[in-house]
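Each remark here refers to the structure printed beneath this line.
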Amino acid sequence: MEHKKVRTRFAPSPTGFMHVGNLRTALYEYLIARSAGGEFVLRIEDTDQERKIDGAVDIIYKTLRAAGLRHDEGPDIGGDYGPYVQSERKNMYLPYAQELVQKGQAYYCFCSKERLDSLRENADEPGAGYDRHCRDLPQEEVERLLEQGASYVIRQKMPLTGSTTFEDAVYGTITVDNSELQDQILIKADGFPTYNFANVIDDHTMNITTVVRGSEYLSSTPKYNLLYEAFGWDIPTYVHLPLIMGKNDDGSISKLSKRHGATSFEDLTAAGFLPEAIINYIALLGWAPKDNQEIFSLQELEQVFDISGISKSPSVFDYDKLEWFNAEYIKAMTDEAFAQAAAPYFDKALGEQSFDRVKIASILRQRTVRLTEIPEKVAFFAALPAYGCELFVNKKSKTTLENAGAMLKAAIEAMEALPGWDFDSIHDGLIALAQELGVKNGTLMWPVRIALSGQTVTPGGAVEIAEILGREESLRRLRLGLEKLQHPAES
RNA sequence: GGCCCGGUGGUCAAGCGGCUAAGACACCGCCCUUUCACGGCGGUAACACGGGUUCGAUUCCCGUCCGGGUCACCA
C-alpha cells in the first residue's frame, strides 16, 4: 500500500464574492488537509471568459486570509504544480482531449449553437440533451472540416449501456446508469476547457488526492470517473458535502442564495459578524464533533476534524445561531481587543470626542451581539438625547415623578462632594447615599442613570456611565434632569 | 419529467437493534440585578407514513409521501 500525502484544493471561480457555501467547502478542504498533515492548494478556475470580473481574485485572497485558511500553494505564493490559474494553463488541456479522441473516448463536434438550441426547444421531455449527431462522423469528414477551419468542440463519448459506480466518503456507493450521461463538452469552441474537464486534468496533474465539493456535483461525478478511467489515472477520494440551504419567505427552503440575505463572507462581516464566529458556525453546519463541544478555534478544528462527522442531509443557515456564536466570541475578547474591533463603530458614534473607549468596551461587551449595534448603543455618550420626564418613572425601582427630583438633588450634592471620580468612589458614594435616604439602590440609581443617558436602556449602569462621562458632564446632565423635573412644561 | 441524494423538536444536531431519544440556538417561566443584558435554574417541543426482518426497531430492507440536487460551449 502506497501512502500518498493528502492534498486538497480549493478551486473557486472569481465571481466577486465569497458565498458561505464556498467558504465552508474551503474550510473543510483546509481541515481535511491539516488534520492529515497534508497540503491545501488554491487554484483559480477562470475558464469562463465571459464572466470575468476585475478584482475578484483579490477578494478570494482577502477572505481566505481573514478566515485564517492559509494555503500551501497558489497563484500568489507559487508551488511545484503551477501555474495555479486555469486561464494560464489553457494550452495544457487540448492535448489531453486529443489523446481521448485518439483513444476513441471523445470526438469532434461541429454542431452550431443554434442547432443545439433548437434541439432543446423541440424536445418533448425536459433534459433531453444533445442527440450525439457528430459522434459517428466519418473520419474523412472530420478531417475535412478541421482543415476548413470549422468551429468545433470536443465531446466526451459516454458509454451507451451499463452503469458507472463510485465511492463517496460521505454518501457511500452511488451508481448511475450510463444512459443518463450526456456526451459533455470537454473543450469549448473558444479553446478553453469546460469546468468539468479542467477539473479532472488539474486535479490529476496537481496530485490532488481528495476532491471536496458540494453535493450538487454528485450526479456529475460518474462523468469524472469515466475520464479518469479513460486516462488510466487513479481516482481521487470524493467527499461531497451537504448543501447549505436558506429559508424562503413562504417557509420553503432552497440552496442558500442572495435572496436569503447576507450570504457572502463580505456581507456577513459588514453585518457585524466576526470572522472567527463565522468560521466556527459554518464548521458546524454539516459537521459534528464526537463530543458536544461547540466553540472551536481553527486550531482546535484542525485537530479534531474528521470526515466521518460530516452529515448527508442539507442544513438551513440560521442567523440566530450565528448571532449566538458572535456574542460568545465577543464575550470572550478582552476589553482592549473588543475596543479595537469596535473602533470603526465607535468612530461613527463618538466622532472626535475623547472617551475612555476601553471602559466603554467593558460595559458593552457582554451585551453586544453584532458589531453594527454599537453606534446606537453608545450615541448617548456623545450627545444627550431629548427625553421626557416619564422616563423617570419606573415601578420596579419604585421611582415616581415626585421622588425622582429629590433623588437627583441628593445625588448631585453627594457627587459634587466626591473626592475622586472613579468607579469605586462614585459607587460607594451613591450606595451610601441610598442607605442614608432609606431607599433601595434602584430608587436612587434609576433617575441618575436616566438623567445621565436620557434613555431607559443603556449599556452599563449609572455608576459606569457617570465614570465615563466625567464629573463635569455628569453633573451638568444631572442638573438638567433635575430642572426638567421641576419645570416639566418648559422641557 | 428522468436520474441522484436526503427525511430525529421551529433551526443545528447526537444516536449507528434494547436509551425515561443527548446537547446547542430560538421560545416561555423563575432567580440574580443600579436599566437592558450576562449568568444560574427549570419548562414546552422530535424519530414523516405504511409494510416487512427480528424476541425487540429511530436504527436494517421495501414502498408511499415530502424535501433537495441535477440534467448548459456556467462553474
Side-chain angles (χ1 to χ4, degrees), chain A residues 11-13 15 45-48 50-51 109 111 113 116-117 120 124-130 151-155 168 170-172 174-177 179-182 184-190 192 194-196 198-199 214-222 240 242-243 245 247 251-255 281 284-294 309 311-325 327 331 363-369 377 394 396-397 427 430-431 434 440-450 453 455-465:
Chain A
S13 19
T15 56
E45 311 230 333
D46 58 348
T47 55
D48 187 353
E50 289 175 20
R51 285 207 208 170
C109 170
C111 291
K113 203 152 185 169
L116 296 178
D117 287 344
R120 252 189 299 277
D124 301 333
E125 315 243 321
Y130 181 55
S151 175
Y152 69 87
V153 301
I154 296 180
R155 287 182 184 272
D168 183 84
V170 173
Y171 289 92
I174 294 175
T175 300
V176 175
D177 282 346
S179 59
E180 293 293 323
L181 275 22
Q182 305 261 326
Q184 66 170 342
I185 291 173
L186 269 19
I187 301 289
K188 298 186 266 192
D190 66 1
F192 275 88
T194 54
Y195 168 84
N196 289 317
N199 235 271
S215 66
E216 68 264 35
Y217 293 101
L218 224 36
S219 35
S220 55
T221 302
H240 284 93
L243 261 20
M245 316 298 283
K247 194 170 244 143
S252 63
I253 62 168
S254 54
K255 214 165 139 181
Y281 173 61
L284 262 29
L285 250 198
W287 174 81
K290 299 245 185 310
D291 59 16
N292 263 332
Q293 188 175 343
E294 293 213 88
S311 75
K312 297 183 191 179
S313 43
S315 34
V316 176
F317 193 91
D318 181 7
Y319 291 92
D320 283 336
K321 187 80 186 235
L322 210 211
E323 289 192 334
W324 177 77
F325 274 105
K331 277 181 277 186
I363 59 173
L364 209 51
R365 216 158 41 79
Q366 300 296 105
R367 65 201 86 214
T368 301
V369 173
K377 284 190 166 150
N394 181 263
K396 206 176 137 213
S397 303
H427 176 266
L430 288 176
I431 296 296
K440 58 186 278 188
N441 292 340
T443 309
L444 176 64
M445 295 296 190
W446 179 275
V448 169
R449 194 174 55 84
I450 295 299
S453 68
Q455 54 198 47
T456 53
V457 176
T458 58
V463 179
E464 289 92 339
I465 294 171

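Throughout, protein chains are lettered first and strands after them, A, B, ... in sequence-line order, and every chain is numbered starting at 1.
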Partners meeting ring-ring contact (aromatic ring centres under 6.0 Å, His included) with A/Tyr319 (sequence neighbours left out):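 Once residues adjacent in sequence are excluded, the partners of A/Tyr319 under the ring-ring contact (aromatic ring centres under 6.0 Å, His included) criterion are A/Phe317.
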Residues which pass ring-ring contact (aromatic ring centres under 6.0 Å, His included) with A/Phe192, listed by chain and number, not counting sequence neighbours: none
Closest to side chain of A/Lys188, choosing from B/G68, B/C3, B/C74: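 Closest of the options to the side chain of A/Lys188: B/C74.
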With [X], which residues qualify under side-chain hydrogen bond (donor to acceptor under 3.5 Å, both in side chains), at least two apart?
{"X": "A/Asp46", "answer": "A/Ser87"}
{"X": "A/Asn394", "answer": "A/Ser397"}
{"X": "A/Lys188", "answer": "none"}
{"X": "A/Asp291", "answer": "none"}

Categorize [X] for me: base, sugar-phosphate, or nothing, with a 4.0 angstrom heavy-atom threshold over every strand shown.
{"X": "A/Thr175", "answer": "sugar-phosphate"}
{"X": "A/Phe325", "answer": "nothing"}
{"X": "A/Thr47", "answer": "sugar-phosphate"}
{"X": "A/Ile253", "answer": "sugar-phosphate"}
{"X": "A/His427", "answer": "base"}

Going by the rule salt bridge (charged side-chain N to carboxylate O under 4.0 Å, His left out), which residues pair with [X] if we only count those two or more places apart in sequence or in a different chain?
{"X": "A/Glu180", "value": "none"}
{"X": "A/Arg365", "value": "A/Asp335"}
{"X": "A/Lys247", "value": "none"}

[atom1] spacing across the pair [N] / [M], given as an integer number of angstrom:
{"N": "B/A24", "M": "B/A13", "atom1": "C1'", "result": "8 Å"}
{"N": "B/G40", "M": "B/G52", "atom1": "C1'", "result": "50 Å"}
{"N": "B/U35", "M": "B/C47", "atom1": "C1'", "result": "44 Å"}
{"N": "B/C66", "M": "B/C30", "atom1": "P", "result": "43 Å"}
{"N": "B/U59", "M": "B/G51", "atom1": "P", "result": "14 Å"}

Side-chain N or O of A/Lys331 closer than 4.0 Å to phosphate OP1/OP2 of B/G39: yes
If we ignore hydrogens and angles and just use 3.5 Å, is the side chain of [X] paired with the main-chain N or O of [Y] as donor and acceptor?
{"X": "A/Tyr130", "Y": "A/Gln184", "result": "no"}
{"X": "A/Asp177", "Y": "A/Ser179", "result": "no"}
{"X": "A/Lys377", "Y": "A/Arg367", "result": "yes"}

B/S/- contact track for nucleotides 40-49 of chain B, protein heavy atom under 4.0 Å: ----------
Nucleic acid footprint by protein, nucleotides 10-16 of chain B - heavy-atom cut-off 4.0 Å, B for base, S for sugar-phosphate alone: SSSSS--
N/O contacts under 3.5 Å, protein versus nucleotides 27-29 of chain B?
none

